[in-house]
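Report on the structure given below.
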Number of protein chains: 2
Amino acid sequence: MTTSPTPRVTIKDVAARAGVSKGAVSLAFNHKPGLSEATRDRIFEAARELGWAPNLAARSLSSSRVDVVGLAICRPAQLLGLEPFYMEFVSGVESVLTERSCSLLLRLVRNVEEEVGLQDAWWRGKQVSGSILVDFRADDPRVPAAERLGLPVVAVGHPSLTGSLTSVWTDDATAVTEAVGYLAALGHRRIARVGGAAALGHTSIRTAAFDEATRALGIAGARQVATDFSGEEGARATRSLLSAAPPDRPTAIVYDNDIMAVAGLSVASEMGLNVPGDVSLLAWDDSQLCRLTHPTLSAMSHDVHGFGADVARTLFGVITGEGPGSHPVPTPVLTPRGSTAPPKV
Amino acid sequence: MTTSPTPRVTIKDVAARAGVSKGAVSLAFNHKPGLSEATRDRIFEAARELGWAPNLAARSLSSSRVDVVGLAICRPAQLLGLEPFYMEFVSGVESVLTERSCSLLLRLVRNVEEEVGLQDAWWRGKQVSGSILVDFRADDPRVPAAERLGLPVVAVGHPSLTGSLTSVWTDDATAVTEAVGYLAALGHRRIARVGGAAALGHTSIRTAAFDEATRALGIAGARQVATDFSGEEGARATRSLLSAAPPDRPTAIVYDNDIMAVAGLSVASEMGLNVPGDVSLLAWDDSQLCRLTHPTLSAMSHDVHGFGADVARTLFGVITGEGPGSHPVPTPVLTPRGSTAPPKV
DNA sequence: AATAGGGACTTTACCGGTTCAGTAACGGAT
DNA sequence: ATCCGTTACTGAACCGGTAAAGTCCCTATT
């Protein structure tokens, strides 16, 4: 049994079959004017019969445009799997890409330098028409790199981190302030925060906002610890916070994602502490996970799918020549569930 | 301030700069013989100075090969985000693609029909050199489609589902048997299973294996329920199973993924049942999540990252003309943790 | 001395589309 | 009857590479 050598059908075959020139087929398939209805139909009919689809490589070569956008993510694989955030984000991005029959080129990288090299190669090699940049850090090398290349990008991150690049961002500072305010309103005076990777820009923003918010409320015993976003570190951080003697022990903890909050919840129960009786927990980036625990987790909730879609739409804007801009998306909203309550006396 | 129009540098510029012909540059960059060391160096030097990277569209057009593989995933976005499985799988795939400077074209689709159309277009349009197919169901339309197109694919699924396609699969039946055997050995006689989407092939395989295993052990009261893999349905299923009166209530539950097991755990505690005292829980597709709960979840553990890598390697085999084959990967192994124990009395 | 062989390149013909200058045909205005 | 302006389409150049055939020169063989 031999594999049939798949006689690839090209635009020429379609043209021949429809009795027109290649040019006409091209016009028809790009919905450009200059063809009669009848001819157009004949062409589509011929293409259908032959099962022809334009060769994108050829198209992008001659028209020098590609329908692909790039996304490189830089987190250890094991952590990535757990972050519901990314998959949901990606699916939001896809939802708008699909509408415009555009594809997503995804790559996991080990560090920012590798990503810079990758974006560079993608753009130089005309593999993408633009890229989405995530996980900004202070003085991120991708900012000058994208500027230098003239690569159309949208930077997912606060404008203070993304230089002249078009950015789409959530107002983390306000959200942190709201979270702290909520816990303080419940009566908590000893509030701690288990933050994400210190190198990440949005982590520093939240850290600063947390300091500011607690100071403003006159809360003295506010502690923060940095982690790598993993459940394990979340657990470790929680254990260390909760093992302080009662007067120093926080009565409320805010987490930077929901995995760590879940881990924190189990640490509390392992230590014989009642949630929310002895300690209140507040998660971030509300995913379904927060509703699966017992008690359910209160969270700063956030439409990640819609966020991804916004980012993709903005990227199309940039690609079509829109000038740089800064696009805030709705601030995460506090969603109280079962893990937060007033502290016991 | 005008954006510099990015004068794209082509192979011709590099050739000119190195004082050779385009052909020579092509030879150098494809590591083909026929050039002296000196010339080769001059060419690379020139390319480096100009910051040139070959245009992949042009390359794939003339050499009729592309360094891209396709992957379409068909699950609702919200569920996807939660399944640690996919991100980990993807990262495994990426790890071997990257070595061969190959990229992954990812797309989320709504149903199998849409995927068939997509794979068809990808292949016809020469956008991919091969594809990875996941989530097989009985009489999957992708099997005849891939055969008809001559599209090189590797099917992630049991050979009984994937027809003549090259398959990579885990032996779910054996794993289920082992899981049931373990619980039975602990003394459980009333074992239930919270399965995944009934339409999926591996779900039916597990369902059949569960029936078979419980029958073989003479266990009468074995119940199974189908879900959509979501935590919510996992919780609902657990609630329904555990609300039976004690003699009928299962003393052990096996889940088809770990999200549902986490959900089940919280349902048990919400119902005032002790895990593992009153009921033992066993998760599947062991992710970090299983170590974050309290008690920690026993699970059928499985190297998903390595699985993805194997799949990618196999795909390269298929692309380079290796005949169809069936490649089993290691069976998930039972990893006992805190959620399983002998039943009380 | 003539010839063969091979290394190091160059030349040239594509790959499969898009684009744009050109052309033929037709209806209407002058 | 002529000229103009559209509309509908064709033909050829071009995009940036690859691949196969061709050229040239140098050394080894007969």
Side-chain angles (χ1 to χ4, degrees), chain A residues 5-44 46-47 50-68 101 121-127 129, chain B residues 5-44 46-47 50-68 101 121-127 129:
Chain A
T6 320
R8 292 302 185 84
V9 12
T10 78
I11 199 174
K12 219 184 304 180
D13 305 313
V14 176
R17 170 138 206 163
V20 295
S21 68
K22 302 199 298 173
V25 178
S26 176
L27 289 182
F29 265 77
N30 291 294
H31 303 105
K32 298 204 175 169
L35 288 184
S36 67
E37 269 310 311
T39 312
R40 214 173 273 276
D41 290 346
R42 269 206 340 280
I43 292 175
F44 282 125
L50 296 172
W52 177 74
N55 178 326
L56 290 220
R59 168 178 288 178
S60 88
L61 179 56
S62 58
S63 69
S64 53
R65 73 154 225 263
V66 272
D67 292 318
V68 178
S101 50
W122 275 351
W123 177 241
R124 292 208 143 92
K126 278 197 186 176
Q127 285 196 77
S129 53
Chain B
T6 319
R8 293 301 186 86
V9 11
T10 77
I11 198 174
K12 218 184 304 181
D13 304 314
V14 177
R17 171 138 208 165
V20 295
S21 68
K22 304 199 297 174
V25 178
S26 176
L27 289 180
F29 266 76
N30 291 292
H31 304 104
K32 296 204 177 169
L35 289 184
S36 66
E37 268 311 310
T39 313
R40 213 172 275 275
D41 290 348
R42 271 209 336 282
I43 292 175
F44 282 125
L50 296 172
W52 176 74
N55 177 325
L56 290 220
R59 170 179 287 179
S60 87
L61 181 56
S62 61
S63 67
S64 52
R65 71 154 226 264
V66 272
D67 292 318
V68 177
S101 49
W122 275 352
W123 179 240
R124 291 207 143 90
K126 278 196 183 177
Q127 285 197 77
S129 53

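B:Ser64 meets the side chain to side chain contact (heavy atoms under 4.5 Å, CB included) test with B:Lys126; sequence neighbours excluded. Evaluation of the side chain to side chain donor-acceptor pair (under 3.5 Å) rule for A:Asp41 yields no partner, not counting sequence neighbours.
Looking at heavy-atom distances under 4.0 Å, A:Val20 makes contact with sugar-phosphate atoms alone, never a base.
Of the possible donor and acceptor atoms, none in the side chain of A:Ser129 sits under 3.5 Å from a partner among the backbone N and O of A:Asp67.
Counting 5' to 3', DNA chain C first comes under 4.0 angstrom of a heavy atom of chain A and last does so at the ends given by C:dG16 to C:dT19.
Shown here for B:Arg40 and B:His31, the closest heavy-atom pair between the two residues is NH1-CA, 4.1 Å. The heavy-atom pair separating B:Ser26 from B:Ile11 by the smallest distance is N-CD1, 4.0 Å. Minimum interatomic distance between B:Arg124 and A:Ala53 (heavy atoms only, all atoms of both residues): CB-CB, 3.8 Å. In terms of heavy atoms, A:Val9 sits closest to A:Leu50 at CG1-O, 3.6 Å. The minimum heavy-atom distance between A:Ser60 and B:Ala57, with the atom names listed, is OG-CB, 3.1 Å. Residues A:Ala58 and B:Leu61 come closest through the heavy atom pair CB-CD1, 3.7 Å.
A close approach under 4.0 Å does occur between a side-chain nitrogen or oxygen of B:Ser26 and OP1 or OP2 of D:dT18.
Taking the six-membered ring where the residue is Trp, B:Trp52 and B:Phe29 present perpendicular rings, their angle passing 60° and hence far from 30°.
Rounded to whole Å, atom C1' of D:dA8 lies 13 Å from atom CD of A:Glu37. Here the P atom of nucleotide D:dT7 and the CZ atom of A:Arg40 are 13 Å apart, to the nearest Å. One can place NZ of B:Lys22 at 14 Å from C1' of D:dA20, the figure rounded to the nearest angstrom. Here D:dG17 presents its P atom at 13 Å from CZ of A:Arg124, a figure rounded to the nearest Å. Nucleotide D:dT18 holds its C1' atom 13 Å from the CG atom of B:Leu56, rounded to whole Å.
With B:Val25 as the partner, the side-chain contact (heavy atoms from CB on, under 4.5 Å) test is satisfied by one option alone out of B:Val20, B:Leu35, B:Thr39, B:Asn30: B:Val20.
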B:Arg65/B:Arg59 under side-chain contact (heavy atoms from CB on, under 4.5 Å): CA gap, chis, key distance, verdict: CA-CA 8 Å; B:Arg65 71 154 226 264; B:Arg59 170 179 287 179; 4.2 Å; yes

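Residues of residues 27-36 of chain A that place a heavy atom closer than 4.0 Å to DNA chain D, in numerical order, are A:Gly34, A:Leu35, A:Ser36. Heavy-atom distances under 4.0 Å link DNA chain D to A:Leu61, A:Ser62 of residues 59-67 of chain A, given in residue order.
Inter-axis angle, ends of the helix from C:dA1-D:dT30 to C:dT30-D:dA1, five pairs per end, rounded to 10 degrees: 60°.
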